[in-house]
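Below: the structure, in structure tokens.
Just so we're on the same page: letters track the sequence lines, and every chain starts at 1.
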Amino acid sequence: MARPLAEAIYAALMGAYDPQGWWPLLAVRGVNPTASGSLRGYHPGDYSYPRDDAQRFEIAVGAVLTQNTAWTNVERALQALQAREAIEPAALLALDDDTLETAIRPSGYYRVKARKLRELAVFWQRLGGRIPRRDELLGIWGVGPETADSIRLYAFGQAEMVVDAYTRRILGALGLLAERAGYDQIKAWCVAGLPCRVEVYQEWHALLVEHAKRCHRGAAGADPLLSAVADPGAGQRRRGGVSGA
DNA sequence: AACCAGGACGTGA
DNA sequence: TCACGTCATGGT
């Protein structure tokens, strides 16, 4: 039985970029502000985060704020919220609309996202410290498939595959996805080809994002790193042709 | 100066 | 179901 393609892609990405240490946390940035790997709150190789409910909620808030938005913009919003000690459900709900919107303005869509954060905070209060099911998260106004899966995977350490625009772009460019493939289909493809381990799911998603940022900006050119992996014959053919068994 | 960022919702067909 | 418009700031 052949090794799943996703596993080969994972190995290539890991070999090229090393562990990414997602999800970034403000506390990690504060604890380890100068270490190169943790410079922005990332904690590569350390899977002991999040360590409390405050960090879990911070991840959920970040997951909402980063919807269709660059993470650098989200960081400003998170810092503004932290300055008001509002990365906590009750405190966030205690902010008036204008204060909340002003704090998260750098992350864009600030009116919609302000409402989304309130919905999230109310949900969190009713959750009572339990691990939310996926369908419960999807029931929150403002939480769709990717955000729900991100919260499950990174905030609660559940083996929930996250699919994002980068995943679709990279796998699509390699010709591995059906043209009409939806979120759940892409998710199923990834799940089928990777070991069901939280660390693997976290790194898979983070590595794809890193790879896309480096190699898939703008017009999709050839993927020098992954094309040989996705088409195993390509490398050998270029090298002069070795017939595989 | 367009174009894009670690999407989701509301609407009409 | 599904395509399309909307939401908005900041970096390239």
**Study point:** Criterion side chain to side chain contact (heavy atoms under 4.5 Å, CB included) on A/W124 and A/D53, from CA distance to verdict
**Key:** CA-CA 10 Å; A/W124 214 266; A/D53 189 67; 3.2 Å; yes

**Study point:** A/Q125/A/L93 under side chain to side chain contact (heavy atoms under 4.5 Å, CB included): CA gap, chis, key distance, verdict
**Key:** CA-CA 10 Å; A/Q125 288 182 323; A/L93 289 169; 3.4 Å; yes

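Of the residues in residues 65-76 of chain A, those lying under 4.0 Å from DNA chain C by heavy-atom distance are A/N68, A/N73, A/R76. The stretch residues 96-123 of chain A comes close to DNA chain C through A/R105, A/P106, A/G108, A/Y109, A/Y110, A/R111, A/V112, each having a heavy atom under 4.0 Å from the strand.
Side-chain contact check for A/V162 versus A/W204: every heavy-atom pair is 4.5 Å or farther apart. Considering only heavy atoms from C-beta on, A/M14 comes within 4.5 Å of A/P19 through its side chain.
Between A/R169 and B/dC4 there is no side-chain N or O to OP1 or OP2 distance below 4.0 Å.
No donor-acceptor contact under 3.5 angstrom links the side chains of A/Y17 and A/E203, judged on distance only.
C/dG10 and B/dA8 have their P atoms separated by 22 Å, given to the nearest Å. Nucleotides B/dA1 and C/dA8 are separated by 24 Å at their P atoms, to the nearest Å.
Here A/V143 lies in heavy-atom contact (under 4.0 Å) with sugar-phosphate atoms only. Among the heavy atoms of the strands, none lies under 4.0 Å from A/R168. In this structure, A/W141 reaches the sugar-phosphate backbone alone: every heavy-atom distance under 4.0 Å involves primed, P, OP1 or OP2 atoms, never a base. Nucleic acid contact for A/A165: sugar-phosphate only, since backbone atoms but no base atoms lie under 4.0 Å from a heavy atom of the residue.
For the pair A/L138 CG and B/dG7 C1', the interatomic distance rounds to 13 Å; values are reported in whole Å. A/Y183 places its OH atom 17 Å from the P atom of C/dC2, with the value rounded to the nearest Å. The distance between atom NZ of A/K213 and atom C1' of B/dC3, rounded to the nearest whole Å, is 17 Å. With rounding to whole Å, A/D184 atom CG is found 15 Å from C/dC2 atom C1'. We find that CD of A/Q185 is positioned 13 Å from P of C/dT1, with the value rounded to whole Å.
A salt bridge links A/D46 and A/R51; the closest N-O separation between the charged side-chain nitrogens and carboxylate oxygens is under 4.0 Å.
Between the CG atom in A/L5 and the OH atom in A/Y10 there is a gap of 15.5 Å [rounded to 0.5 Å].
Ranked by how close their nearest DNA chain B nucleotide is to the 5' end, A/Y166 and A/I140 are led by A/Y166.
The aromatic rings of A/Y42 and A/W22 are tilted relative to each other, their planes meeting at an angle between 30° and 60°.
No donor-acceptor pair under 3.5 Å is formed between the side chain of A/E58 and the backbone N or O of A/L78.
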